[in-house]
Amino acid sequence: MDMPRDTLTADRIVREAIELLDDEGLDGLNMRSLAKRLGSAATAVYWHIKTKDELVRLASDAIWHEVELPDLDATDWRTAATAHATGMHAMLTRHPWLGQAFGSHLLHGPGQARHNDLSLGIYEKAGFAAADADRAAATVFTFVLGSTLGPAAQVSLNRRLSKSGADPEQRMADAMTRATETARQFPRLRERLNTTAATEYAAAPDDTFAFGLQSLLDGFEARLTAAGTSRHT
């Protein structure tokens, strides 16, 4: 029996949509599947949220609230920047569909906006003028997003292989064998293959995200120091 329309709320629909997106990915989201999970009719869902694009926008904005905002009055800018970037990275890893949504949907809302505002605050506190604070915040966000694309692509690939009818593990193993054969033609890759399991050679090394983030922040700090020195000479 369909759930009465007035027992549904937009918030409940969005929460269920996030779970569906986590389970099935962006391609697996449709109003019929969502309504089934809600025990309702698709028409009742449409009464609250008019389009799939709007649902993706609302779900995307909601998960930004999972990222804790550091207190800029209680910590230094590098600690705040590290905490904020690490929180974004963890959120994007938990919800790999969001990276895909950035490239296919118009995303906006208060959840995302408050993090954009905080990012600007972090780099203004560091000492950047407004335009350079914009650039620093955008650089870090681009790095965070790029760092999650590999795991997100793996999740999407695993889903696609599982639905193809073929043995996904065997297809993955065959592809890795061919990739390893190609890599052995190049000296630096060949050297690493001699010390790394072939199944791991394409993966990012441990601590790659932390290394890259701290290198970015080191670069920002060096830039600020150089700018401060030039102003006093």
Side-chain angles (χ1 to χ4, degrees), residues 9-19 21-22 54-103 105-152 204-232:
T9 64
D11 285 345
R12 181 163 178 258
I13 293 168
V14 168
R15 288 197 304 271
E16 194 66 45
I18 292 169
E19 293 187 12
L21 285 160
D22 290 345
E54 177 66 0
L55 180 58
V56 171
R57 187 191 71 78
L58 291 169
S60 298
D61 198 59
I63 60 178
W64 277 99
H65 292 281
E66 297 176 11
V67 184
E68 185 175 351
L69 296 178
D71 183 352
L72 294 186
D73 294 328
T75 187
D76 63 278
W77 77 269
R78 279 197 66 144
T79 301
T82 300
H84 189 231
T86 301
M88 288 193 294
H89 185 269
M91 182 271 286
L92 285 160
T93 301
R94 285 193 301 272
H95 306 290
W97 52 271
L98 181 55
Q100 184 183 359
F102 277 120
H105 290 73
L106 297 172
L107 303 181
H108 56 87
Q112 184 176 345
R114 73 188 190 120
H115 284 278
N116 293 342
D117 186 76
L118 176 78
S119 291
L120 297 177
I122 290 172
Y123 298 108
E124 286 180 354
K125 180 172 183 174
F128 284 118
D132 281 344
D134 288 356
R135 297 183 182 100
T139 297
V140 171
F141 178 70
T142 300
F143 170 70
V144 172
L145 181 61
S147 297
T148 64
L149 291 181
D206 291 343
D207 300 322
T208 293
F209 173 72
F211 175 88
L213 176 60
Q214 294 310 312
S215 296
L216 276 178
L217 300 184
D218 287 345
F220 291 166
E221 197 155 34
R223 190 180 187 94
L224 289 163
T225 299
T229 301
S230 66
R231 284 196 297 268
H232 292 90

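Note that CG of L55 is 7.0 Å distant from CG of L21, once rounded to the nearest 0.5 Å. Interatomic distance, CG of L107 versus CD of Q112, reported as 6.0 Å (0.5 Å rounding). Between L213 atom CG and T208 atom OG1 the span is 12.5 Å, to the nearest 0.5 Å. Within the model, atoms CZ of R15 and CD1 of I18 stand 9.0 Å from one another, a figure rounded to the nearest 0.5 Å.
Judged by distance alone, with hydrogens and angles left aside, the side-chain atoms of D76 form a donor-acceptor pair with the main-chain N or O of T79 at under 3.5 Å. No donor-acceptor distance shorter than 3.5 angstrom exists from the side chain of D22 to the backbone of H95, with no hydrogens or angles considered.
Of all heavy-atom pairs spanning G99 and L145, the tightest one is CA-CD1, 4.0 Å. The heavy-atom pair separating A62 from V14 by the smallest distance is CB-CG1, 4.1 Å. Here the closest heavy-atom approach between residue W97 and residue S60 is recorded as CZ3-OG, 3.4 Å. Shortest non-hydrogen contact noted between V67 and H115 is O-CE1, 3.1 Å.
Under the rule for a salt bridge (charged side-chain N to carboxylate O under 4.0 Å, His left out), E68 has no partner lying at least two apart in sequence or in another chain. Considering only residues two or more places apart in sequence or on other chains, R135 meets the salt bridge (charged side-chain N to carboxylate O under 4.0 Å, His left out) condition with D132. Listed by chain and number, the residues in a salt bridge (charged side-chain N to carboxylate O under 4.0 Å, His left out) with R223 amount to none (sequence neighbours excluded). Under the rule for a side-chain hydrogen bond (donor to acceptor under 3.5 Å, both in side chains), D117 has no partner lying at least two apart in sequence or in another chain. Legend: residues meeting salt bridge (charged side-chain N to carboxylate O under 4.0 Å, His left out) with D218, ordered by chain and number and at least two apart, are R78.
Residues P110 and D61 are in side-chain contact: their nearest non-hydrogen atoms beyond the backbone lie under 4.5 Å apart. Residues T148 and H89 have side chains in contact (heavy-atom distance under 4.5 Å, counting atoms from C-beta outward). Considering only heavy atoms from C-beta on, S119 comes within 4.5 Å of H84 through its side chain. At least one side-chain heavy atom of M91 sits under 4.5 Å from a side-chain heavy atom of L98. In this structure the side chain of Q214 reaches within 4.5 angstrom of the side chain of T82, judged on heavy atoms. P70 has its side chain within reach of L118: a pair of non-hydrogen atoms, C-beta onward, lies under 4.5 Å apart. Looking at T86 and F209, their side chains come closer than 4.5 Å, going by heavy atoms from C-beta outward.
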Side-chain donor/acceptor pairs under 3.5 Å, residues 120-130, sequence neighbours excluded:
unit_1, atom_1, unit_2, atom_2, d
K125, NZ, L72, O, 2.3
K125, NZ, T75, O, 2.5

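Between W64 and F102, the two ring planes are perpendicular [angle over 60°; tilted spans 30° to 60°].
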